[in-house]
Amino acid sequence: MVLITLVIGAIAFFIAFMFTFKPASRIAALLISGIVLIGSIVLMVANYSNHFGMEKKTVTTSTEIYSASNSDTMPMMLYKKVGTSGKNNVYVYNLKSTQKTPNHTKADEYTSNKVKTTSDGTTATMQTKTTRWVWKSDFYKNLYMWSGMNNTIVKRVNTFTLPKTWVTLSTTQDAALKKEMASMTTEQQAASKTAGTQYVTQAVTAAMAKNPTMSTTEQGQIAKQAQAEYSSQVLKQAIASIK
């Protein structure tokens with residue numbers, strides 16, 4: 001509506017200035033059209049500069065994420081360094097257990113990211129809090145129709161909550177890690193595999209000792225968790241060696 005009154009005010013002011021000749025009529029027409037024109041401009045500036053007629057609204061969403069390695073036994077999240085504070089790093093993750101192209105956080109001035117580690121559970125999650133400017137009421141919505149200001153983003157905060165078995169490493173570290181793993185000899189690979197098997201066997205045996213009636217499904221879950229723990233330890237050791 002304010003855009004319409006702005007156009008009407010500008011046209012009316014021009015017509016009053018150019019084609020109104022009687023002094024009294026000219027002054028009245030200029031005054032009225034000038035008030036409409038200036039009032040419309042003030043309202044537009046107030047909205048664009050100070051978000052007049054708007055309020056902040058925050059929407060929170062949460063979703064489960066999966067390892068960027070496409071392997072649940074090697075849970076990891078990657079990040080690309082942006083800036084120096086670390087808040088604007090771009091994080092890479094999956095929204096499915098396996099996918100060809102991974103997802104990543106946005107790289108813009110509105111987005112910041114946080115990473116937390118939890119000892120509870122085995123599920124990794126990403127919580128996103130998005131704050132936007134929205135109209136306070138239908139009155140302001142109609143007043144600033146076609147302004148394009150509604151749902152203007154203020155900030156977006158992504159909080160990753162990762163189990164302790166997950167490893168977070170930079171894309172540079174990931175490239176170095178892949179290079180190091182590719183250079184492993186057959187004997188080294190076999191030794192790592194044997195150590196992993198022993199770690200899983202010991203974990204399952206210890207769990208069975210505490211609960212002899214454990215089902216096959218439960219044993220599988222213990223084995224899967226133990227494998228993830230072992231992979232995490234190996235990854236952390238490898239990362240420490242390439243820093």
Side-chain angles (χ1 to χ4, degrees), residues 1-7 38-70 75-174:
M1 185 183 297
V2 70
L3 292 175
I4 296 175
T5 59
L6 176 65
V7 173
I38 295 173
S40 298
I41 293 173
V42 169
L43 285 173
M44 288 188 64
V45 171
N47 179 243
Y48 280 101
S49 300
N50 301 310
H51 295 93
F52 174 73
M54 308 187 81
E55 62 185 0
K56 291 180 181 180
K57 180 180 179 181
T58 300
V59 175
T60 302
T61 59
S62 184
T63 184
E64 182 177 357
I65 62 172
Y66 299 87
S67 172
S69 69
N70 282 330
M76 65 169 65
M77 185 169 66
L78 306 178
Y79 66 90
K80 176 71 174 179
K81 288 185 177 181
V82 178
T84 57
S85 66
K87 291 184 178 180
N88 298 316
N89 289 345
V90 176
Y91 286 85
V92 181
Y93 56 92
N94 283 356
L95 289 177
K96 298 179 181 179
S97 56
T98 56
Q99 59 186 68
K100 185 177 181 180
T101 304
N103 297 82
H104 60 81
T105 57
K106 292 183 178 295
D108 55 39
E109 68 270 30
Y110 306 109
T111 304
S112 61
N113 304 291
K114 302 176 183 178
V115 179
K116 300 191 300 182
T117 301
T118 177
S119 57
D120 298 329
T122 58
T123 301
T125 61
M126 179 181 71
Q127 182 191 75
T128 301
K129 290 186 176 181
T130 306
T131 304
R132 297 179 182 273
W133 286 108
V134 297
W135 303 122
K136 287 183 178 180
S137 65
D138 288 340
F139 170 78
Y140 291 109
K141 177 182 178 181
N142 294 325
L143 179 64
Y144 291 106
M145 189 183 302
W146 306 311
S147 69
M149 292 295 288
N150 194 40
N151 284 321
T152 302
I153 189 167
V154 178
K155 63 178 179 178
R156 181 189 296 108
V157 181
N158 298 311
T159 302
F160 295 93
T161 302
L162 308 179
K164 61 181 181 180
T165 54
W166 277 57
V167 177
T168 303
L169 64 159
S170 69
T171 51
T172 302
Q173 290 174 321
D174 180 53

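For clarity, every value in this text was computed on a predicted model and none was experimentally measured. Position 1 is the first residue of the sequence, and the numbers go up from there.
Here OG1 of Thr168 is found 10.0 Å from CD of Gln173. Values are rounded to the nearest 0.5 Å.
Here the closest heavy-atom approach between residue Lys164 and residue Thr117 is recorded as CA-CG2, 3.7 Å. Among all heavy-atom pairs drawn from Met54 and Lys136, the shortest one is O-CE, 3.1 Å. What you find for Thr98 and Asn70 is that their closest heavy atoms are CA-OD1, 3.3 Å. Here the closest non-hydrogen pair linking Ser67 and Met76 is OG-N, 3.0 Å. Of all non-hydrogen atoms in Lys81 and Asn89, the two that sit nearest each other are CA-OD1, 3.3 Å. Minimum heavy-atom separation, Trp166 to Ala124: CZ2-CB, 3.4 Å.
Not counting sequence neighbours, the partners of Arg156 by the salt bridge (Lys or Arg N to Asp or Glu O under 4.0 Å) test are Asp108. Under the side-chain contact (heavy atoms from CB on, under 4.5 Å) criterion, Leu95 pairs with Thr63, Ile65, Tyr93, Gln99, Asn103, sequence neighbours left out. Applying the side-chain contact (heavy atoms from CB on, under 4.5 Å) test to Ser49 and every residue at least two apart in sequence or in another chain returns Val45.
Using a 4.5 Å heavy-atom cutoff, the side chains of Thr159 and Lys116 are in contact. With a 4.5 Å cut-off on side-chain heavy atoms, Val157 and Thr128 do not count as touching. Inter-residue side-chain proximity for Met77 and Tyr91 is flagged as met; some heavy-atom pair is nearer than 4.5 Å.
Among pairs with a residue in residues 134-155, those fulfilling ring-ring contact (aromatic ring centres under 6.0 Å, His included) read Phe52-Tyr140, Trp135-Tyr144, at least two apart in sequence or across chains. Listed by first and then second residue, the salt bridge (charged side-chain N to carboxylate O under 4.0 Å, His left out) pairs that reach into residues 139-150 come to none, sequence neighbours excluded. Sorted pairs that involve residues 104-128 and meet ring-ring contact (aromatic ring centres under 6.0 Å, His included), not counting sequence neighbours, are lacking altogether.
In this structure, a donor-acceptor pair under 3.5 Å is present between the side chains of Ser40 and Thr5.
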Evaluate side-chain contact (heavy atoms from CB on, under 4.5 Å) for Trp133 paired with Lys56, printing each intermediate quantity in order. CA-CA 5 Å; Trp133 286 108; Lys56 291 180 181 180; 3.5 Å; yes
Check the pair Leu3, Met145 against side-chain contact (heavy atoms from CB on, under 4.5 Å), reporting the backbone distance first and the verdict last. CA-CA 8 Å; Leu3 292 175; Met145 189 183 302; over 6 Å; no
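Checked options Thr111, Thr130, Asn113; the residue passing with Asn158 is Asn113 (criterion: side chain to side chain donor-acceptor pair (under 3.5 Å)).
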